[in-house]
Amino acid sequence: MGRASVPQVERAGARLRRPVYLHEADRRWVGRPDPALCFWSGQTHRLTDELTLMNLGVHFPGSAVPHWSAGRGALFTGDVVHVCPDPRWVTLMYSYANHIPERPEAVRTAAGLLRGHRFDRIYGGWWNRVVTADGNEVLDRSVDRYLRFREGAAGRRA
């Protein structure tokens, strides 16, 4: 979750009286401490047998995405991993508002962490931005294309 989301999360936790999990790297963005806030650290935090939070290290230091392992698996990415208008592709950006690409090393790290989890679907942060099948393959293909472009390798346009 990005910095702009922290105030909304604070209010939601208080209103719903449920724990709200934030990565430790987002602690400094919390304006009002609240007992509902539960901070975690590291790359993963298991909430249930089927639900794990993952800090991918892209977009913002504390950006986290939930992975649901039930069924064929699903990844809920918001804008951490952006589902493109053509849902055969996803991308990773450091700043969407300023059109700044993510650093290749951060993309490699995130991809490595995600490759350890199976997911068929990827739910993006905007309406109708969903990868409906083959999520792992979409991620791998997209990361390969991203790194080829960022590292200056020639290739066909996709």
Side-chain angles (χ1 to χ4, degrees), residues 1-6 8-9 12 19-27 29 38-158:
M1 147 174 343
R3 293 178 239 186
S5 302
V6 172
Q8 292 89 345
V9 168
V20 175
Y21 292 88
L22 290 175
H23 194 272
E24 182 66 36
D26 278 344
R27 183 183 289 272
W29 300 108
C38 300
F39 293 95
W40 60 281
S41 60
Q43 287 187 313
T44 63
H45 181 73
R46 191 176 184 107
L47 295 175
T48 71
D49 287 344
E50 297 177 337
L51 189 62
T52 301
L53 297 175
M54 292 186 283
N55 175 8
L56 301 183
V58 298
H59 195 36
F60 294 109
S63 293
V65 300
H67 173 259
W68 184 40
S69 63
R72 294 186 305 199
L75 197 60
F76 301 89
T77 63
D79 63 353
V80 177
V81 176
H82 176 68
V83 177
C84 297
D86 177 348
R88 295 175 301 154
W89 302 97
V90 296
T91 193
L92 297 98
M93 295 285 286
Y94 176 78
S95 172
Y96 291 94
N98 296 304
H99 302 274
I100 302 171
E102 187 53 82
R103 301 149 300 172
E105 188 53 40
V107 171
R108 281 189 203 88
T109 299
L113 180 59
L114 289 169
R115 283 186 183 121
H117 297 81
R118 179 188 45 76
F119 48 92
D120 198 45
R121 291 180 170 248
I122 302 173
Y123 293 90
W126 289 269
W127 287 267
N128 300 318
R129 294 291 175 92
V130 178
V131 172
T132 59
D134 303 319
N136 287 98
E137 291 81 11
V138 168
L139 177 76
D140 287 344
R141 181 174 58 247
S142 298
V143 166
D144 289 344
R145 177 178 78 162
Y146 183 92
L147 293 173
R148 275 194 324 269
F149 179 79
R150 290 285 295 146
E151 293 169 353
R156 113 179 143 72
R157 288 185 70 123

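Residue indices begin at 1 and follow the sequence shown.
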Residue Asp86 excluded, over 12 heavy atoms near CG under 6.0 Å: yes
Trp40 atom CH2: more than 12 heavy-atom contacts under 6.0 Å: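 Atom CH2 in Trp40 is packed in, count exceeds 12.
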Nearest-0.5 Å distance that lies between atom [atom1] in [X] and atom [atom2] in [Y]:
X: Asp79; Y: Phe60; atom1: CG; atom2: CZ; answer: 7.5 Å
X: Glu137; Y: Arg88; atom1: CD; atom2: CZ; answer: 14.5 Å
X: Leu139; Y: Thr91; atom1: CG; atom2: OG1; answer: 10.5 Å
X: Leu53; Y: Thr44; atom1: CG; atom2: OG1; answer: 9.0 Å
X: Trp89; Y: Arg145; atom1: CH2; atom2: CZ; answer: 4.5 Å
X: Arg121; Y: Phe76; atom1: CZ; atom2: CZ; answer: 9.5 Å

Under 3.5 Å: donor-acceptor pair, side chain of His45, backbone of Ser41: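 No; zero donor-acceptor contacts below 3.5 Å.
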Identify, with sequence neighbours excluded, every residue that meets side-chain hydrogen bond (donor to acceptor under 3.5 Å, both in side chains) alongside [X].
X: Ser95; result: Asn98
X: Gln43; result: none
X: Asn136; result: none

Side-chain heavy atoms of His82 within contact of Met93, under 4.5 Å: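 Sidechains of Met93 and His82: no contact.
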Side chain proximity check, Pro66 to Leu51, heavy atoms < 4.5 angstrom: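 The answer is yes, as the side chains (C-beta and beyond) meet within the 4.5 Å cut-off.
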Residues forming a salt bridge (charged side-chain N to carboxylate O under 4.0 Å, His left out) with Asp144, sequence neighbours excluded: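 By the salt bridge (charged side-chain N to carboxylate O under 4.0 Å, His left out) rule, Asp144 matches no residue at all.
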Salt bridge (charged side-chain N to carboxylate O under 4.0 Å, His left out) involving Arg72 - partner list, sequence neighbours excluded: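 Expected list: Asp120.
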Step-by-step side chain to side chain contact (heavy atoms under 4.5 Å, CB included) determination, Leu113 to Thr109: CA-CA 6 Å; Leu113 180 59; Thr109 299; 5.9 Å; no
What are the two closest non-hydrogen atoms of [X] and [Y], and how far apart are they?
X: Arg129; Y: Cys84; value: CD-O, 3.8 Å
X: Ser63; Y: Val80; value: CB-CG2, 3.6 Å
X: Arg118; Y: Ser69; value: NH2-O, 3.2 Å
X: Thr77; Y: Gly124; value: OG1-CA, 3.7 Å
X: Cys38; Y: Pro19; value: SG-CB, 3.7 Å
X: Gly42; Y: His23; value: O-NE2, 2.9 Å

Residues Arg115, Asp140; criterion side chain to side chain contact (heavy atoms under 4.5 Å, CB included); working and verdict: CA-CA 8 Å; Arg115 283 186 183 121; Asp140 287 344; 2.7 Å; yes
Name the atoms and distances for all side-chain donor-acceptor pairs under 3.5 Å in residues 99-106, with sequence neighbours left out.
from   : atom 1 : to     : atom 2 : distance (Å)
Glu102 : OE1    : His59  : N      : 2.8
Glu105 : OE1    : Arg108 : NH1    : 3.4

